[in-house]
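I have placed the structure first, in the form of C-alpha cells, so that the comments after it can refer back to it.
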Amino acid sequence: MNKEIEKLLNDQIKYEAKASMQYLAMASWADETGYNGIAEFFYNQSQEELDHMRKLVKFVNERGGHVVIPALDEPVSSFDSLNELFETFLESEVFVTGKINHIIFECLELKDYNVHNFMQWYVTEQLEEEAVARTLLDKLNIIGEDKSGHYLFDRDINMIAAEADQEEQ
Ligand code: OFO
C-alpha cells in the first residue's frame, strides 16, 4: 500500500474514532439532562462511527498496510443548549467530509483506484449524515427557546432523522 495513502487512512481511522467518542459524550450529556430520545440518537451515531472506523482498520489490514490505533483527546462533554449540541454534530460531520474528500483527491493524484473505489461508500455516508445534521439543526432553529418544542423534538428525533435520510436518497 502506498505510504501516503496508508497515512491518510490511518488519519481517517482517528477521525472516525474521535467522532464516535464525541457522539458518545453527547449521548451521555443528553441522557443526564433528560433528553432520552436525543441520547438514543447519539448512542446510535457513536456506534455507527465505530463501525466506520473498524471498516477502515480491516481494509488497511486486508491491503497489507499497517494500522495505528490512535490515542484520542477528551471530547467536549458539556453543552449550553440543544443548538450547541447539534452545531457540534454538524461541525464534526463537515470536518469528516472534508477529510474524506481529501483522501479521494489524493487517490486520484496517486492513481490508487482501489482505495478510491473503497472510499466511495464514505462519500455517500457523509452526504446522508450531513443532511441529517442540517435538518435537525434547522428544526431546532425553528423551535427556538420553546420548551414544549424541545420535548417534541426529543420524542421525534429518530423519525425526523429517518425522514432527512430518505430525502437524501
Ligand atoms: Fe463516519 O460517518 Fe460521519 O462522520
Side-chain angles (χ1 to χ4, degrees), residues 1 4-31 35 37-63 65 67-79 82-108 112 114-140 153 157-169:
M1 172 175 270
E4 268 180 65
I5 297 284
E6 183 185 77
K7 161 88 175 69
L8 287 172
L9 293 180
N10 270 305
D11 287 347
Q12 195 59 37
I13 285 168
K14 181 171 182 172
Y15 302 139
E16 302 289 344
K18 223 177 130 191
S20 177
M21 290 307 111
Q22 182 58 67
Y23 298 161
L24 189 57
M26 288 155 80
S28 185
W29 177 87
D31 217 350
Y35 292 113
I38 295 171
E40 218 36 56
F41 173 79
F42 280 114
Y43 282 131
N44 289 338
Q45 288 297 315
S46 173
Q47 187 56 49
E48 277 192 27
E49 300 300 346
L50 268 191
D51 293 343
H52 301 170
M53 180 195 69
R54 189 165 37 236
K55 195 175 162 82
L56 278 157
V57 169
K58 285 186 168 180
F59 178 75
V60 173
N61 280 317
E62 274 162 19
R63 289 280 317 271
V67 170
V68 181
I69 302 298
L72 300 174
D73 294 336
E74 196 176 313
V76 180
S77 59
S78 100
F79 303 89
L82 289 185
N83 281 59
E84 194 186 332
L85 185 75
F86 281 86
E87 274 157 17
T88 305
F89 179 36
L90 180 58
E91 275 166 24
S92 166
E93 291 303 324
V94 168
F95 173 81
V96 170
T97 301
K99 295 299 178 186
I100 286 170
N101 288 345
H102 180 61
I103 297 177
I104 298 282
F105 174 81
E106 289 298 328
C107 284
L108 290 175
D112 192 333
N114 198 327
V115 176
H116 181 271
N117 186 41
F118 171 77
M119 290 306 294
Q120 293 308 311
W121 184 87
Y122 287 84
V123 171
T124 309
E125 184 68 14
Q126 281 311 116
L127 260 178
E128 285 168 15
E129 290 191 338
E130 268 196 41
V132 168
R134 283 212 169 79
T135 301
L136 293 172
L137 193 53
D138 285 349
K139 296 270 185 233
L140 279 173
F153 179 89
I157 180 168
N158 283 315
M159 200 177 71
I160 303 167
E163 276 168 16
D165 213 7
Q166 267 175 359
E167 275 166 27
E168 195 52 34
Q169 284 162 16

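Atoms within a ligand are numbered from 1 in the order they appear, just like the ligands themselves.
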Check: Should Tyr23 be counted as touching ligand 1, given the test is an N or O pair under 3.5 Å?
Finding: no
Next item on the list: For Ile13 and Val68, work out which heavy atoms get closest and say how close.
Entry: CG2-O, 4.4 Å
Notebook entry, point to check: Nearest heavy-atom pair of Trp29 and Ser77: which atoms, and what distance?
Noted result: CD1-O, 3.7 Å
Check: So which protein heavy atom does atom 4 (O) of ligand 1 come closest to, and at what separation?
Finding: Glu93 OE1, 2.9 Å
Check: Relative to atom 1 (Fe) of ligand 1, how many protein N, O or S atoms have a separation of less than 2.8 Å?
Finding: 3
Item checked: Test side-chain contact (heavy atoms from CB on, under 4.5 Å) applied to Lys7 - qualifying residues, sequence neighbours left out -> Asp11
Notebook entry, point to check: Are the charged groups of Glu130 and Arg134 less than 4.0 angstrom apart, N to O?
Noted result: yes
Margin query: Assess the residue pair Leu140 and Leu136 against the criterion (side-chain contact (heavy atoms from CB on, under 4.5 Å)); give the C-alpha distance rounded to whole Å, side-chain angles, the decisive distance to 0.1 Å, and a yes or no.
Written below: CA-CA 6 Å; Leu140 279 173; Leu136 293 172; 5.7 Å; no
Notebook entry, point to check: Can you list the residues that meet the ring-ring contact (aromatic ring centres under 6.0 Å, His included) rule with Phe41, with sequence neighbours excluded?
Noted result: Phe89
Item checked: Phe153: ring-ring contact (aromatic ring centres under 6.0 Å, His included) partners, not counting sequence neighbours -> Phe86
